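All remarks here apply to the structure that follows.
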Amino acid sequence: MSKTSPTPASHLRNSSRSADLYDRACAVLPGGNTRTTVYTPPHPIYASHGQGCRIWDVEGVARIDFLNNYTALIHGHAHPAITAAATQQIARGACFSMPTESEIALAELLCNRVASIEQIRFTNSGSEAVMMAIKAARAFTGRFKIAKAEGAYHGSYDHMEVSEDAGPGAWGEPEPLSLPYSKGTAPSILDEVVVFPLNDLALTETIIRRHAAELAAIIIDPLAPRIGLIPARQDWLSLVRGLCDELAIVLISDEIISFRTAYGGAQQSFGFRADLTTLGKIIGGGFPVGALGGRSDIMAVFDPTQGKPAVPHGGTFNANPVTMVAGRVAMDLMTERAYERLERLGDRLAEGIEAVFRESGIDGQVTGRGSIRRIHLTTRKLHDYRSAYPGPKEKARMAKIYDGLLSRGVLMAPGGMIALSTAMSDAEINHFINALREVVSG
Ligand SMILES: Cc1ncc(COP(=O)(O)O)c(C=O)c1O
């Protein structure tokens with residue numbers, strides 16, 4: 001790993017370029033920040049550039065990027081084919097007040113890959129895609145409540161923030177309460193959102209049946225990052241699908257991250273069919289993107305050909321051609337073999353991490369599948385949000401591992417999430433495992 005320089009955690013030094021930039025940022029951005037996720041105390045490390053599977057900070061320190069802009073970059077940084085496609089498009093014009101062929105080409109690819117997506121629309125973020133999917137479900141059913149899993153993250157649309165970070169003592173026993181995440185949540189939103197526990201068949205069925213007459217949609221993520229990347233159980237997915245069929249509720253699969261797990265998305269790897277699917281992240285080749293697609297009878301709520309659609313959906317940068325061409329190239333590169341290779345690397349990494357924990361007598365395990373994995377510093381059985389909720393000691397140990405890895409040339413998420421890219425090989429996986437061994441034995 002000669003290209004990755006192990007250094008002391010430069011971000012913790014007070015006199016660094018990152019510290020100086022952060023001081024500057026604080027004057028013009030609240031808390032120096034414009035994206036909550038990337039704030040890490042005492043200040044974030046500022047990026048300089050990226051190439052392949054490496055990211056350089058402004059101090060000149062290179063690290064292997066096991067985070068990939070929170071899973072959005074499946075080919076790492078500055079892939080030559082994606083860069084060429086985007087720059088060629090920029091030279092021909094970045095965005096127009098007319099649609100382009102590039103939108104059709106990416107739509108065709110996604111409709112061909114995901115069995116349940118008959119028609120699709122593009123947005124500029126995953127949050128917008130989820131918001132539009134929910135509006136579509138409401139317009140289609142004539143109902144207004146939404147059901148979501150406790151702890152699941154589906155972006156920043158008001159309804160989706162409900163019970164996103166419920167904590168012990170306040171989360172409700174046994175039924176999850178609808179709790180605000182943000183002080184910006186209006187109380188009326190809480191009345192419109194029903195919360196159920198992932199993988200609990202009896203409670204999920206009771207809660208859904210109780211609200212069925214008012215429910216427009218159930219939104220699930222079969223591999224939800226904020227529920228610890230714990231896979232949804234097959235019998236739970238069948239139950240939810242069955243309830244949606246019986247009670248005429250729209251089933252939305254949020255695959256903004258979990259689409260990464262298979263050529264045909266999470267519905268292929270988990271074996272179920274949604275009515276609507278939301279996508280984002282990797283489908284934009286590193287540019288801002290979101291998409292919602294599914295049954296054409298539901299998607300018809302957006303059809304403008306008969307006058308004002310049931311759900312009007314504008315957006316100055318929707319389907320902008322730079323994102324569309326970059327996304328098409330990125331997805332074309334994701335062949336079935338590319339997914340298999342990433343799955344193999346992910347399995348090797350997970351096995352290697354668990355072996356280090358065993359050798360060192362550390363309580364720990366790895367969840368997830370394919371190119372997304374998550375470290376948990378516990379051996380208890382993980383089956384839902386509550387079982388995966390880390391206690392204060394687990395959080396403190398994770399912070400040490402995160403810092404130790406950063407100092408040894410590895411960037412992962414502070415909470416332990418890892419996202420692989422096709423730019424990686426066994427060498428990077430070995431680097432991670434060896435760095436972790438050093439951290440836990442140090
Ligand atoms: C499952 C899921 N849904 C929705 C979103 C929101 O996407 P965006 O950040 O593009 O708004 C995210 C983002 O991480 C996500 O992980």
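Whatever order the structure lists them in is the order used to number ligands and atoms, beginning at 1. Nothing fancy with the numbering, it's 1 onward along the sequence. None of these values were measured; they are calculated from a predicted model.
For atom 16 (O) of ligand 1, the choice among Thr278, Ile257, Thr123 with the nearest heavy atom turns out to be Ile257.
Residue Tyr70 places no heavy atom under 4.0 Å from ligand 1. Using a 4.0 angstrom heavy-atom cutoff, Met160 does not count as in contact with ligand 1.
The shortest contact between atom 10 (O) of ligand 1 and any protein heavy atom is with Gly126 N, 2.8 Å. Remark: minimum distance from atom 3 (N) of ligand 1 to any protein heavy atom is reached at Asp254 OD2, 2.7 Å. What sits closest to atom 12 (C) of ligand 1 on the protein, heavy atoms only, is Tyr153 CE2, 3.5 Å.
Every N/O-N/O distance between Asp221 and ligand 1 stays at or above 3.5 Å.
Only the side chain of Lys281 comes within 4.0 Å of ligand 1, judged by heavy-atom distances.
Counting heavy-atom neighbours within 6.0 Å of Glu101 CD, excluding the residue itself, gives a total of 12 or less. Other residues, nucleotides and ligands place more than 12 heavy atoms under 6.0 Å from the NZ atom of Lys145. Crowding of Arg210 atom CZ: a count of heavy atoms from other residues, nucleotides or ligands under 6.0 Å exceeding 12.
The cationic atom of Arg369 (NZ for Lys, CZ for Arg) lies less than 6.0 Å from the six-membered ring centre of Phe270 and within 45° of the ring axis. Under the 6.0 Å distance and 45° angle rule, Arg241 does not count as a cation-pi partner of Phe272.
Relative orientation of the Tyr157 and His159 rings is tilted, given thresholds of 30° and 60° on the angle between their planes.
For Asp200, the side-chain hydrogen bond (donor to acceptor under 3.5 Å, both in side chains) test picks out no residue, with sequence neighbours left out.
Of all the atoms in ligand 1, the ones that sit under 4.0 Å from a non-hydrogen atom of Ser125 are 10 (O), 11 (O).
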